[in-house]
Amino acid sequence: MNKRTSWADLAANSAAENTYAGSSVNNGILGTTSGGASRTNTYVPPHLRNRPASSDPPAPAYSGPASSNDRSAYGGARWGGARNDSRSGYGGSGGGGGRTGGWGGGRGGGWDRGREQEVNPFGDDDNTEQAFSEQANSGINFDAYEDIPVETSGDNIPPPVNIFAEIDLGEALNLNIHRCKYVKPTPVQRHAIPISLAGRDLMACAQTGSGKTAAFCFPIINGIMEMQAQGVQRPSRGARTVYPLALILSPTRELSMQIHEEAKKFSYQTGVKVVVAYGGAPINQQLRELERGVDILVATPGRLVDLLERARVSLQMVKYLALDEADRMLDMGFEPQIRKIVEQMDMPLPGFRQTMLFSATFPKEIQRLASDFLYNYIFLAVGRVGSSTDLIVQRVEFVYDSDKRSHLMDLLHAQRANGVHGKQALTLVFVETKKGADSLEHWLCVNGFPATSIHGDRSQQEREQALRSFKSGNTPILVATDVAARGLDIPHVAHVVNFDLPNDIDDYVHRIGRTGRAGKTGLATAFFNESNVSLARALADLMQESNQEVPAWLSRYAARSSYGGGRNRRPGGNRFGGRDFRRDSSYTRGGMDYYGGNSTSGYGASGGYGGGYGPGVTSAWD
DNA sequence: AAAAAAC
C-alpha cells in the first residue's frame, strides 16, 4: 500500500471518528473552553476541521527566535521576548535581544559532515516498506483507543488533529512516520502534537504504551528542522562545549536509551542529530558523540549534571525541554537534581523555552512542583484511569511471603503449558528489593526456569544484557525492581507478576503498563498479603474502575483500611487519567482564570468521594 | 523502607 492510498483511507476513517473527537473534547462534561472559535456546535465538514479560526495563512514556517513561532491562532507568547507576562525576572534574558548574538546565518555545527555516515535506524536501506513489520510499532490496535475520554484545560487550546497528514511536520519526518508504520496518531498524539506545534507548554497525562515518545519527539524534531532552515547558529566560545537545542530527561538509563533509539528513527535524514548520555557507561564515548554535534540530547539527570559541571554541555540554547515520566522526575529523590538542571544552570527561563511534561500518572503535589517549570501551560489527560487497564486483566491473589515462590512456579508452569509459538511467553516479575531480585532469579534458574534480572546494583552491561536477553525470548522471565517499572517498551510481555506489590498505586499502574502495550491485551497478577494493606483500597478502587473482578477479601481489606495520610487514594467517578490541579478549589492562582470560568458535571471541587477524604489529598487521580 | 540517578 502506498502512502497516498493509506492516507486517503485514513482521511475517510477519521471523518467517522470525528464524532468521537467532537464529543469527548468539546462536550460540556469537561467544562473547559477547548478549541477556540472553531469548536462550535455548527457542522464543519471534515476537510475544514481543526483549522485556525481566522483566515491566517496555515502553519507559517519557523521565522526565527525573535519572532512569533505560532503555528495557528493558538500560540501563546513565545520565545524571544514576545511574552507580555508581568512576572519578574524576565527582563532581557534568554533571547529577548532577538536576532543578536548567536543567531546569525550558517548551519549548525558539525553535523553536515557526519550526516553522510548516518546509520539507517530502520535497518533496511532499500526496502522501507518491510522495515518494522515485525516490530511492536506495527499493528497497533487502534480500535482499543477509540472512545477514550480526553480532558484539556488551559488557555486557548489548539484543537486535535485526526491524521498525521493534517499537520505539516515536513516531508522527511512524514517519511519516517511512514517507515515506522504509524498510520494514525494515537489519542495523546492527536492532542499533544498540535499543542506543541503551537508553541505551548504542556503537562500531559496519558496511558502507558500510548505513544507519548512520538508525541513530544515529532514537534521537537519539526521545530529544530525549522530552526536549522533559518540558520540557527550556536555560540563558538568554549571550543569543547556543545549546545543542544532540545533536552529530553528520563529517570532510568534504559529508558533514555529507548527514547534515543526512537528519536533516531524519527529524525533519520532530517539533519537533526540525537545523542544520548547516561551513567554506568564510559563517558568518553558519549563525549565523542557530543563533539560530533548534537541537536537533541537525551539524558539521565546524574550524567547530565556531570557534563554540565565539566562545561561540556551548555543548556543556553535549549528551546525544547521534555521530561518523560515527569512525576517520577520530580519526586523526592530526583527533584533537587532536576531543579539544578532546569533552574540553576544556563537553561532559558519558562516562556523562553518550550516545556513538555509527560507521564501516565501525575499526583497533584507533583503538578504543583512542575508548574514552576511551565509557562501558561495546557493540561491534557487522555484515557481512563489505570491506563490501558481495559486491555489488561488484573488478578490479585492472597499469597503469604513464604508461599510466593511456589505460587510463582505454579503460574509459570501453567504459562509454559499455554506456550505460544513454541516459546514461553515473556513474564516480567517485579520485586521490592535488589537482593530479592538476585535471590529470586537464582532460585528460578536453579528450578529450571530461564530467568535473568535487572536492578540498580547490576553493572550497566549486565542490565542491558538482561533486557536484550529478555526481549529476544532467550530468558523469557525477567525479575526486576522498579528500575523497569516505567516507560520501557518491551513487546510481547504477556504477563506482569507483582511478586511484591509496591506501596504506591501509581507505581502499580506503571508496572502493569509493561503489558497490554500498543493496544494489545495482557495479564497482571499481584501477590497480596498483610504487608500490603495500605494499598488495598487504592488497588480495589483501581480494579473496580477498570472493570476487573475485585475479590471479596480484598474489598474487606479495603473497607477496613483508612486513608489517613498515605497517597494511595484515588476515588472513582473520574474517567480520566488525571486532573489539572489548577482546577482544585483549594488552588487559587491570583486572579488568573485559566478555565473560562465554567467547571461542570462531576468535576466540581466536591467530587464523588469528596466527603470521604481528609486533608492532604494528593493524587492526580482525584 | 526501597529504588533510581555520576565519578
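Within every chain, numbering begins at 1; the chains are lettered A, B, ... in the order of the sequence lines, protein sequences first and strands thereafter.
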Take atom [atom1] of [X] and atom [atom2] of [N], then tell me their distance rounded to the nearest Å.
| X | N | atom1 | atom2 | answer |
| --- | --- | --- | --- | --- |
| A:Glu432 | B:dA2 | CD | C1' | 6 Å |
| A:Asp500 | B:dA1 | CG | P | 17 Å |
| A:Leu488 | B:dA4 | CG | C1' | 13 Å |
| A:Asp331 | B:dA5 | CG | P | 13 Å |
| A:Leu323 | B:dA4 | CG | P | 20 Å |
| A:Asn532 | B:dA2 | CG | P | 16 Å |
| A:Asp457 | B:dA2 | CG | P | 12 Å |
| A:Lys435 | B:dA1 | NZ | C1' | 14 Å |

Given B:dA4, is OP1 or OP2 found less than 4.0 Å from the side-chain N or O atoms of A:Thr481?
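The answer is yes; a side-chain N or O of A:Thr481 sits under 4.0 Å from OP1 or OP2.
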Base, sugar-phosphate, or nothing for [X], non-hydrogen atoms under 4.0 angstrom?
| X | value |
| --- | --- |
| A:Val483 | sugar-phosphate |
| A:Gly456 | sugar-phosphate |
| A:Asp306 | base |
| A:Arg463 | sugar-phosphate |
| A:Arg328 | nothing |

Under a 4.5 Å cut-off applied to non-hydrogen side-chain atoms, are A:Val393 and A:Thr521 in contact?
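Side-chain contact under 4.5 Å: no.
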Could you go through the side-chain contact (heavy atoms from CB on, under 4.5 Å) check for A:Asp295 and A:Val274 one step at a time?
CA-CA 6 Å; A:Asp295 299 306; A:Val274 191; over 6 Å; no
Please list, chain by chain and in numerical order, all residues satisfying side chain to side chain donor-acceptor pair (under 3.5 Å) with A:Glu261, sequence neighbours excluded.
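Listed in chain order: nothing, the list is empty.
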Which pairs pass salt bridge (Lys or Arg N to Asp or Glu O under 4.0 Å) with one or both residues in residues 490-503 of chain A, sequence neighbours excluded?
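Passing the test, one end in residues 490-503 of chain A: A:Lys404-A:Asp500.
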Quick one: does A:Asn503 reach the base of B:dA2 with a side-chain donor-acceptor pair under 3.5 Å?
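Donor-acceptor pair under 3.5 Å: no.
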Side chain of A:Thr433 only, heavy atoms from C-beta on: which candidate in B:dA3, B:dA6, B:dA5 is closest?
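Of the options given, the side chain of A:Thr433 lies nearest B:dA3.
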Quick one: which of B:dA2, B:dA5, B:dA4 gets closest to the side chain of A:Thr300?
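Of all the options, the side chain of A:Thr300 is nearest to B:dA5.
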Students often mix this up, so state it plainly: with edges at 30° and 60°, are the rings of A:Phe398 and A:Phe528 parallel, tilted or perpendicular?
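Ring orientation of A:Phe398 relative to A:Phe528: tilted.
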